**Q** 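Mind looking over this structure? Questions follow.
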Number of protein chains: 2
Amino acid sequence: MRDPGASTTDRPAAPRRPDDATARELVLRAADRLFYDRGVQAVGMDELRAASGLPLKRIYRLFPSKEAIVEEVLRHRHELWEAGISNAVATTPDPRERLLAVYDFLARWFDDEGFRGCFFINSFGELSGTAPRVTEFVRAHKAGFQKTVARLVAEAGGPPELAPQLAILAEGAQTTAAIAGTSEAAGQARAAAETLIDAALGPTRDRAV
Amino acid sequence: MRDPGASTTDRPAAPRRPDDATARELVLRAADRLFYDRGVQAVGMDELRAASGLPLKRIYRLFPSKEAIVEEVLRHRHELWEAGISNAVATTPDPRERLLAVYDFLARWFDDEGFRGCFFINSFGELSGTAPRVTEFVRAHKAGFQKTVARLVAEAGGPPELAPQLAILAEGAQTTAAIAGTSEAAGQARAAAETLIDAALGPTRDRAV
DNA sequence: TTGCGCTGAGAACGGTCGTTCTCTATCGTA
DNA sequence: TACGATAGAGAACGACCGTTCTCAGCGCAA
């Protein structure tokens with residue numbers, strides 16, 4: 001039995017009512033998983049309620065509509081992607097290797113259990129015909145990736161034409177891996193990227209063969 | 001006024017009741033356009049009825065369900081794709097150029113008004129979480145493309161590893177062009193393919209520069 | 001002309017969707 | 001202890017979905 005006179009701000013365990021910030025996160029976490037696994041339109045708000053453990057009313061107090069939740073999930077995925085890329089890149093000192101680190105990052109992702117392709121590409125396929133804001137967000141996300149690759153290429157001293165080529169390889173690897181259900185596309189894209197980089201940067205310093 | 005005693009098999013114009021074969025084609029043509037433009041789930045059967053000009057009852061006599069129509073559209077698009085590729089390839093005698101013809105085919109397609117990406121990739125994004133048959137069809141379609149590229153690579157005397165690399169470039173060009181809303185990805189993928197082919201086949205016979 | 005079978009137009013059905021509303025219970029404050 | 005505000009649980013709402021059914025009308029064989 002708890003002391004009825006105790007402070008109300010520090011009960012020990014028990015399912016406490018989450019504050020708004022963590023409630024938002026509960027919703028977004030559940031939405032991310034459900035939307036990514038089965039598609040946005042296939043997941044109803046009732047399922048989102050059950051998965052988040054929050055009453056529907058609360059969800060609608062935190063978000064104005066389902067579409068707003070979708071956009072928030074996209075935003076969150078975008079941040080995850082950017083963080084993943086910049087982390088993969090940050091741990092690689094050599095500028096040439098840094099370009100290839102993108103494909104190593106893809107390889108680890110493809111091997112994740114539950115990998116089902118790029119959420120942005122999937123959402124584009126599902127919603128681009130009906131949700132212009134989603135389309136625009138996906139477009140911006142992909143443009144950002146192009147920009148990131150362009151920056152890495154510039155840092156490696158490569159010509160500007162190399163950047164979109166490397167980006168296309170990454171996009172192709174994502175759709176190929178998703179549809180085929182295997183992760184080998186990452187390695188194939190990486191090998192192709194190596195060839196392109198070698199051709200663009202001239203003979204490499206330290207490669208055998 | 002028509003002669004009331006005339007044969008019933010050759011009235012001149014007037015909207016005649018189409019036979020089953022052409023009725024099927026009316027449905028599939030309308031479904032193809034609508035599904036491709038706005039997504040499968042965004043198009044209701046009533047809209048399909050209006051666009052095809054056929055009564056709903058007739059549509060359901062021709063097809064058991066909406067999903068069957070989707071599958072038929074996928075089948076038709078698959079045939080169009082195969083025909084487009086093999087036509088682009090057939091008109092190109094040189095085996096090396098034949099590989100590049102794939103990207104020229106993509107370029108023409110991307111420039112089509114109303115291009116909205118690869119229907120298979122889009123359908124995968126929209127339906128892979130809920131319609132296993134669609135997923136399987138898309139998988140088979142993409143596997144078929146991989147096989148086609150592998151055959152072309154073999155005919156050009158290239159190593160087997162080259163094929164998936166070229167296929168990934170084509171896939172990446174499709175998603176990139178669709179999402180960016182521009183067609184430049186085709187040329188970029190073509191340029192990358194040239195580099196990869198040159199690297200794989202050794203120095204080319206007839207290139208300047 | 002009569003009757004039969006099939007037609008098209010559209011209403012109807014059962015279900016699900018995103019969203020809102022009702023109703024009761026609980027909470028913090030006096 | 002009493003009160004006003006707010007919470008949660010879930011029913012309800014209106015719209016729309018894919019699919020089926022109703023029903024009047026037409027063409028055609030006898």
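In the text below, chain A, chain B and the rest are named by the order of the sequence lines, each starting its count at 1. Values in this document were obtained by computation on a predicted structure and should not be read as measured data.
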**Q** Scan residues 38-60 of chain A against DNA chain C and write down, sorted by residue number, each residue with any heavy atom closer than 4.0 Å; if none is found, say none.
**A** A:V43, A:G44, A:M45, A:L56, A:K57, A:Y60
**Q** Tell me which residues in residues 125-137 of chain B lie within less than 4.0 Å of DNA chain C, going by non-hydrogen atoms.
**A** none
**Q** Verify side chain to side chain contact (heavy atoms under 4.5 Å, CB included) between B:F35 and B:K66, making sure each step is shown before the conclusion.
**A** CA-CA 11 Å; B:F35 290 167; B:K66 184 187 182 184; 4.1 Å; yes
**Q** Considering only NZ, NE, NH1 and NH2 on the basic side and carboxylate oxygens on the acidic side, decide whether A:D46 and A:R49 come within less than 4.0 Å.
**A** yes
**Q** May I have the distance from A:R17 (atom CZ) to C:dA25 (atom P), rounded to whole angstrom?
**A** 19 Å
**Q** Can you measure from CD (B:E171) to CD (B:Q146) and round to the nearest 0.5 angstrom?
**A** 7.0 Å
**Q** Step by step, would you call A:F124 with A:F137 a side chain to side chain contact (heavy atoms under 4.5 Å, CB included)?
**A** CA-CA 9 Å; A:F124 180 87; A:F137 196 100; over 6 Å; no
**Q** Could you tell me how far apart B:L62 (CG) and D:dG18 (P) are, to the nearest whole angstrom?
**A** 17 Å
**Q** Does the distance from a Lys or Arg side-chain N to an Asp or Glu carboxylate O, for A:E72 and A:R77, drop under 4.0 Å?
**A** no
**Q** In this structure, how many angstroms lie between the P atom of D:dG8 and the CZ atom of A:R61, rounded?
**A** 6 Å
**Q** In whole Å, what is the span from the CG atom of B:D19 to the P atom of C:dT7?
**A** 13 Å
**Q** Applying the ring-ring contact (aromatic ring centres under 6.0 Å, His included) criterion to B:W81, which one of B:F145, B:F119, B:F120 satisfies it?
**A** B:F145
**Q** Before giving the answer on side chain to side chain contact (heavy atoms under 4.5 Å, CB included), spell out for B:L169 and B:L196 the whole-Å C-alpha distance, their side-chain angles and the decisive distance to 0.1 Å.
**A** CA-CA 10 Å; B:L169 278 175; B:L196 293 178; 3.7 Å; yes
**Q** Test side chain to side chain donor-acceptor pair (under 3.5 Å) on B:R116 and A:S128; report intermediate values, then the result.
**A** CA-CA 9 Å; B:R116 256 203 61 226; A:S128 69; 2.5 Å; yes
